[in-house]
Amino acid sequence: MIYEETYHHLLRNASSTEFDTCLYALLHSDWDGVIQSPLHRMARGVGTTEKYLRQIIREFTAPQGSLPKVFVPVHQDGELLYKFNLGPASILGFNKKTDRYCKKYRFFYSDAFKGLSILGKRLLLMAAFRMSVSKSEEVMFDYSEIVPDGRSLFTRKRLVNAIDAVHDALGYMVTITFASRTFSKKEVLVFTFNEGILEQYMENRAERTLLRKTIFNSGFLGHISDSVCMELERVGKYIYRSFLQEATSSSISTDIQQELQKLARFVYSHSLKKFAYALPANKHLLLAPKQASAYLSKVIYNETLEQMAKYAHQAASIKSLLDREHFHRDISEKALGRNVKDWEVAAHIEPILQKHHQADFIRRVLNDWCEKWLISRVKKVPESEGKRKVPNDDGQTASEYMISIRNDTFGELDKLMAKIRKYGSHAIAPAARNATLAHKKNSLQAFFTIQKERLAPASIPNY
């Protein structure tokens, strides 16, 4: 989508080639806004040279005064890429009731459009944005909206020239005419697009390209069909949205939101790599998109559980540091060379408190996600005779399915607890290092006991 922030930048600040560069970036950005395209391919898509594109990128990545940078450099898998920094990342979506946006119409990427002057491009963008918002292929502007006194690059002459240029290049799909309002007699400009233009827009496939690239670079050289990709992407989108839902609905810092977004990408990408490692022995998944997404979902659950354990241990380690009040007072007094007051000690502790809040908040988000995942899987088990088959599972009975979920989860928890006992912070007593995971295991034990009683008791052996 071309969000309002991008729209206003293109209307006010972009040159003709910069305009095309931004449109290219929007079409080739992944869910985090990172442009998944090397410079030579981007230059070819924009219709310019690599040398000139590098100059544009230097300008886009330079400080823009009070405005955000257009591009932000990012390093991804050893490559230098750029994040498009205007408007929200695509994975965060938009509010249909409040957000205004323009679709990436096909004509934006035509040679005819690229050949227009910047005024012609701006004129068509204004019309396309209003068409997208109003969902009407005929839109109207008051003349004063386009040529306001002293506040626009447009003059009457420039506007007429831009209209003529648009007609010469793209007259087969849009007609621009002057008219007047019936009652006020004010002059207006009417854009009439061909029927069907509203639905002629480009799909962003950057995330799918990245998915295939991740699997290929992990060693699986086979083809991943679009149907399988769509199912895997659906799981990935769920990860992003569920991780970020709590963050966007709470009054939390931008740092935590960004950390959760990075974590969503890590969990998804790392799980795709594990999925790729498993594909040679599970090639049937490539013929069964739903089974492929279910397999990936389970891998993601285990990865999220591990990340939850790490953040829980991190929060506990920071808490143990916070509890050493005399330690912080000593540091503050050495730094200031005098006795300190309580508020000065509190000021010293504040950054540590923020770190603890961040780690504990993320732990809770991940813990909630894991619980919801388990509950959704358990809901698949019929509330009846335990030998009934489980829907969409490979012939397992309800009892076998429930036991496999329970054993897999406890197996992962036991491995994580063993790791933390061995490699965890020595600032925490060994017995306390796994307090969070031990509590979770006890809670899950109670949960599975309830689920056991929900099914036919005789069909399920004791855990």
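Side chains are part of it too, since the values below use all heavy atoms of this structure and drop only hydrogens, waters and symmetry mates.
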Just checking, is any N or O donor in the side chain of [X] or [Y] under 3.5 Å from an acceptor N or O on the other one?
X	Y	value
Ser227	Ser225	yes
Trp369	Thr304	no
Gln358	Gln354	no

Hey, what's the ring geometry for [X] with [Y], parallel, tilted or perpendicular (30° and 60° as the breaks)?
X	Y	answer
Phe107	Phe193	parallel
His357	Phe361	tilted
Trp373	Tyr301	parallel

So, the side chain of [X] versus the backbone of [Y]: is there a donor-acceptor pair under 3.5 Å, distance only?
X	Y	result
Glu137	Ile197	yes
Ser297	Ser293	no
Thr209	Arg205	yes
Arg158	Leu119	no
Asn204	Ser29	yes
Asn194	Val174	no
Ser132	Tyr101	yes
Lys121	Ser16	yes
Lys186	Asp142	no
Ser218	Thr214	yes

Within 45 degrees of the axis of the six-membered ring of Phe220 and under 6.0 Å from its centre: does Arg212 put its NZ or CZ there?
->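 Ring-cation test returns no.
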
Between Arg130 and Phe141, is NZ or CZ placed under 6.0 angstrom from the six-membered ring centre and within 45° of the ring axis?
->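 Judged by the rule (NZ or CZ under 6.0 Å from the ring centre, within 45° of its axis), Arg130 counts as positioned above Phe141.
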
Dump the intermediate steps for side chain to side chain donor-acceptor pair (under 3.5 Å) on Arg364 and Tyr311, then the final yes or no.
-> CA-CA 9 Å; Arg364 284 186 280 113; Tyr311 277 94; over 6 Å; no

Let me confirm one number: the [atom1]-[atom2] distance from [X] to [Y], rounded to the nearest 0.5 Å.
X	Y	atom1	atom2	answer
Glu233	Leu210	CD	CG	10.0 Å
Glu187	Phe178	CD	CZ	5.5 Å
Asp368	Arg363	CG	CZ	8.5 Å
Ser136	Leu198	OG	CG	7.5 Å
Glu207	Tyr268	CD	OH	5.5 Å
Tyr109	Lys104	OH	NZ	6.0 Å

Can you list the steps and then say if Glu203 with Arg106 is a salt bridge (charged side-chain N to carboxylate O under 4.0 Å, His left out)?
-> CA-CA 9 Å; Glu203 294 283 355; Arg106 288 187 180 277; over 6 Å; no

Walk me through it: do Phe129 and Tyr7 pass the test ring pair (Phe, Tyr, Trp, His ring centres under 6.0 Å)?
-> CA-CA 8 Å; Phe129 195 91; Tyr7 169 72; 4.1 Å; yes

Looking at [Y] and [X], is any side-chain nitrogen of the basic one under 4.0 Å from a carboxylate oxygen of the acidic one?
X	Y	value
Asp360	Lys319	no
Lys355	Asp255	no
Glu231	Arg234	yes
Arg58	Glu18	no
Arg54	Glu50	yes

Working for side chain to side chain contact (heavy atoms under 4.5 Å, CB included), residues Thr6 and Leu26 | CA-CA 10 Å; Thr6 309; Leu26 286 169; 4.1 Å; yes

To check you understand the geometry: which heavy-atom pair defines the closest contact between [X] and [Y], and what is its length?
X	Y	result
Leu80	Pro73	CD1-CB, 4.0 Å
Phe191	Ala127	CD2-CB, 3.4 Å
Thr192	Glu138	OG1-OE2, 3.2 Å
Met308	Asn367	CG-N, 3.7 Å

Around His8, counting heavy atoms of other residues, nucleotides and ligands shown, do more than 12 lie under 6.0 Å from its NE2?
->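 Yes, NE2 of His8 has more than 12 neighbouring heavy atoms, counting only those of other groups under 6.0 Å.
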
Listed partners of Gln200 passing side chain to side chain donor-acceptor pair (under 3.5 Å), at least two apart |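 Per chain and number, Gln200 pairs via side chain to side chain donor-acceptor pair (under 3.5 Å) with no residue.
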
Using the test side chain to side chain donor-acceptor pair (under 3.5 Å), find all partners of Lys298 that sit at least two apart in sequence or belong to another chain.
->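 Partners of Lys298 under the side chain to side chain donor-acceptor pair (under 3.5 Å) test: Asp408.
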
Applying side chain to side chain contact (heavy atoms under 4.5 Å, CB included) between Leu189 and each of Leu159, Val147, Val139, report the one that passes.
->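 Exactly one option meets the side chain to side chain contact (heavy atoms under 4.5 Å, CB included) with Leu189, and it is Leu159.
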
Kindly indicate, with the supporting measurements, whether the criterion salt bridge (charged side-chain N to carboxylate O under 4.0 Å, His left out) is fulfilled by Lys262 and Asp32.
-> CA-CA 9 Å; Lys262 289 179 184 176; Asp32 299 309; over 6 Å; no

Can you list the steps and then say if Phe275 with Leu232 is a side chain to side chain contact (heavy atoms under 4.5 Å, CB included)?
-> CA-CA 10 Å; Phe275 176 80; Leu232 300 181; 3.9 Å; yes

Would you sort out whether Glu306 and Leu416 count as a side chain to side chain contact (heavy atoms under 4.5 Å, CB included), showing the intermediate values?
-> CA-CA 7 Å; Glu306 181 172 349; Leu416 292 172; 3.5 Å; yes

List the steps and the verdict of side chain to side chain contact (heavy atoms under 4.5 Å, CB included) for Leu444 and Leu374.
-> CA-CA 10 Å; Leu444 288 175; Leu374 262 183; 3.4 Å; yes

Report yes if the distance between the aromatic ring centroids of Phe108 and Phe113 is under 6.0 Å, otherwise no.
->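 Yes, the ring centres sit under 6.0 Å apart.
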
